[in-house]
Amino acid sequence: MRQSWLERSSGWYADAYGTSVYRVSGTAGTALALAILIMGQCVTKCKNPSSTLGSKNGERESSKPHKRSSSHKEEHMSICGKASGEILVNGTKKGDASLEASQPLAVGVDTKKKEQGVGAELSSLQRIEELFRRYKDEREDAILEEGMERFCDDLCVDPTEFRVLVLAWKFQAATMCKFTRREFFEGCKSINADGIESICSQFPGLLNEAKQEDKFKDLYRFTFQFGLDSEEGQRSLHREIAIALWKLVFTQNKPLILDQWLEFLTENPSGIKGISRDTWNMFLNFTQVIGPDLSNYSEDEAWPSLFDTFVEWEMERRKSEEKTDCIPCLGTDHQSRDEQT
């Protein structure tokens, strides 16, 4: 019995004329059978236009021979004669087929680039993992004080210098002398570094970034939170820690009034228990708005009360210095008068 359709499960197919049956196994055989069947239908259609091979009912309307008119020949030439020209057997133009054929290559190139990018990222993460393990604590999955000291030694920086503060800012560290795994990994990725040398190479750029007004403001506010002991739930900085952090954060752009402010905090320990977040943040505004002579300061403005006390203390100190400077002058005047008499 003649079989006219491809049976995928058995691998049987009929040729274009239904005169013989072949068995092809495997995926490649199935694809070959399909191609031959399609080609056979095209040839059959060209030879016998009335054939309904491939139609829904699968039956031939007539087996009688037909006279080939000139119009039929033209149709035949238009359908089959361009097989070697513009039209392929599936009706696709040659130009379109060439374009479709080139697309898989382009996709392959993009895929290769993505794979290379993923591979590079995985390699970088592995180096960050190795770096983290070099300094992490044996019991806790974090870099603690001892590991931080070794980390700073390898970076050739002092743990108390400004570059370490900037690095902690970029790592968004929550606590001094500690990097969690997440902070370390995210921080290294944010500065595009995965080793000691690459971190060191980023320092000049990070220092320049910290000079920008908006970036410095973010660094300044980070420093307050960084100085708090989160485990104890602190809400204000101890006076000594605040003084040290003010010196540190203003390393690159020291305000003219900073020394007097820190001296005031040092000489009045009993009246200053701690530095609140509001006082810390407002001091940056104070240095930007109030001149070094303090002449434009007004108590009527919404400054923290500690600033009122500081301005009063500083003005009294300057007056006393002026008086002290005038005493030697008066002594010199009396001496010159006595010599004249």
Side-chain angles (χ1 to χ4, degrees), residues 159-178 183 187 190 206-322:
T160 61
E161 70 175 270
F162 182 65
R163 285 184 291 180
V164 177
L165 175 63
V166 173
L167 191 64
W169 167 55
K170 298 302 291 186
F171 282 24
Q172 288 297 294
T175 308
M176 287 192 292
C177 300
K178 180 179 180 179
E183 291 169 351
S190 70
L206 296 178
L207 295 179
N208 287 331
E209 182 181 351
K211 292 179 181 179
Q212 302 174 21
E213 184 176 353
D214 58 333
K215 298 294 185 180
F216 178 75
K217 184 177 181 180
D218 186 66
L219 169 62
Y220 180 82
R221 296 195 170 189
F222 162 83
T223 303
F224 178 86
Q225 185 65 38
F226 184 61
L228 295 176
D229 191 336
S230 57
E231 294 181 357
E232 293 185 3
Q234 283 185 338
R235 302 183 64 181
S236 61
L237 290 174
H238 291 303
R239 183 176 57 87
E240 296 82 2
I241 294 178
I243 292 174
L245 290 178
W246 260 313
K247 289 180 180 179
L248 183 62
V249 76
F250 282 118
T251 297
Q252 294 191 132
N253 51 347
K254 180 181 176 182
L256 296 176
I257 200 66
L258 180 64
D259 288 338
Q260 290 81 0
W261 170 250
L262 298 181
E263 184 180 354
F264 162 73
L265 296 177
T266 303
E267 293 187 4
N268 295 274
S270 58
I272 304 170
K273 297 180 180 180
I275 302 298
S276 66
R277 186 185 298 272
D278 181 60
T279 300
W280 177 274
N281 292 340
M282 291 297 290
F283 182 72
L284 179 61
N285 298 338
F286 182 89
T287 62
Q288 295 170 341
V289 174
I290 306 301
D293 60 354
L294 305 177
S295 60
N296 61 334
Y297 182 83
S298 174
E299 295 181 358
D300 296 333
E301 297 181 6
W303 295 108
S305 59
L306 186 61
F307 289 6
D308 298 339
T309 307
F310 163 67
V311 172
E312 183 180 353
W313 174 88
E314 176 62 14
M315 298 304 289
E316 290 292 332
R317 187 185 67 82
R318 292 181 183 183
K319 288 180 180 179
S320 63
E321 285 183 353
E322 290 176 358

Asker: Between Arg317 and Glu321, does at least one N-O distance fall below 4.0 Å, as a salt bridge requires?
Answerer: yes
Asker: Looking at residues at least two apart in the chain, or sitting in another chain, which of them share a side-chain hydrogen bond (donor to acceptor under 3.5 Å, both in side chains) with Trp280?
Answerer: none
Asker: Are the side chain of Tyr297 and the backbone N or O of Gly291 linked by a donor-acceptor pair below 3.5 Å?
Answerer: no
Asker: Step through the shown structure and confirm whether more than 12 heavy atoms of other residues, nucleotides or ligands are within 6.0 Å of CD on Glu312.
Answerer: no
Asker: Could you work out, with side-chain hydrogen bond (donor to acceptor under 3.5 Å, both in side chains) as the rule, every residue matching Arg318, not counting sequence neighbours?
Answerer: Glu314
Asker: For Ala242 versus Ile275, what's the shortest heavy-atom pair and its separation?
Answerer: CB-CG1, 3.6 Å
Asker: Please find out if less than 6.0 Å separates the ring center of Phe171 from that of Phe222.
Answerer: no
Asker: Can you tell me how far the CG atom of Leu228 sits from the OG atom of Ser236, to the nearest 0.5 Å?
Answerer: 7.5 Å
Asker: Could you go step by step and tell me if Lys211 and Phe216 meet the side-chain contact (heavy atoms from CB on, under 4.5 Å) rule?
Answerer: CA-CA 6 Å; Lys211 292 179 181 179; Phe216 178 75; over 6 Å; no
Asker: The test is side-chain contact (heavy atoms from CB on, under 4.5 Å); show your working for Leu258 and Thr287 and say whether it passes.
Answerer: CA-CA 8 Å; Leu258 180 64; Thr287 62; over 6 Å; no
Asker: Measure from the side-chain N and O atoms of Asp278 to the backbone N and O of Pro304, and report whether any donor-acceptor pair falls under 3.5 Å.
Answerer: no
Asker: For Ser190, give me all partners under side-chain hydrogen bond (donor to acceptor under 3.5 Å, both in side chains), at least two apart in sequence or on another chain.
Answerer: none
Asker: Within the distance-only criterion (no hydrogens, no angle test), does the side chain of Arg239 pair as donor or acceptor with the backbone N or O of Leu265 below 3.5 angstrom?
Answerer: yes
Asker: Given Phe283, which partner from the list Trp261, Trp303, Phe310 fulfils the ring-ring contact (aromatic ring centres under 6.0 Å, His included) test?
Answerer: Trp261
Asker: Tell me whether Glu213 at atom CD has more than 12 heavy atoms from other residues, nucleotides or ligands lying less than 6.0 Å away.
Answerer: no
Asker: Distance-only, no hydrogens or angles: does the Gln252 side chain make a donor-acceptor pair with backbone N or O of Leu207 under 3.5 Å?
Answerer: yes
Asker: Taking atom types as modelled and ignoring hydrogens, do the side chains of Trp246 and Tyr220 form a donor-acceptor contact shorter than 3.5 angstrom?
Answerer: yes
Asker: Check the pair Thr279, Phe307 against side-chain contact (heavy atoms from CB on, under 4.5 Å), reporting the backbone distance first and the verdict last.
Answerer: CA-CA 8 Å; Thr279 300; Phe307 289 6; 3.9 Å; yes
Asker: Testing the basics here: between Leu165 and Val249, what is the closest heavy-atom pair and its distance to 0.1 Å?
Answerer: CD2-CA, 4.1 Å
Asker: Run Thr223 and Leu248 through side-chain contact (heavy atoms from CB on, under 4.5 Å) and show every step you take.
Answerer: CA-CA 9 Å; Thr223 303; Leu248 183 62; over 6 Å; no
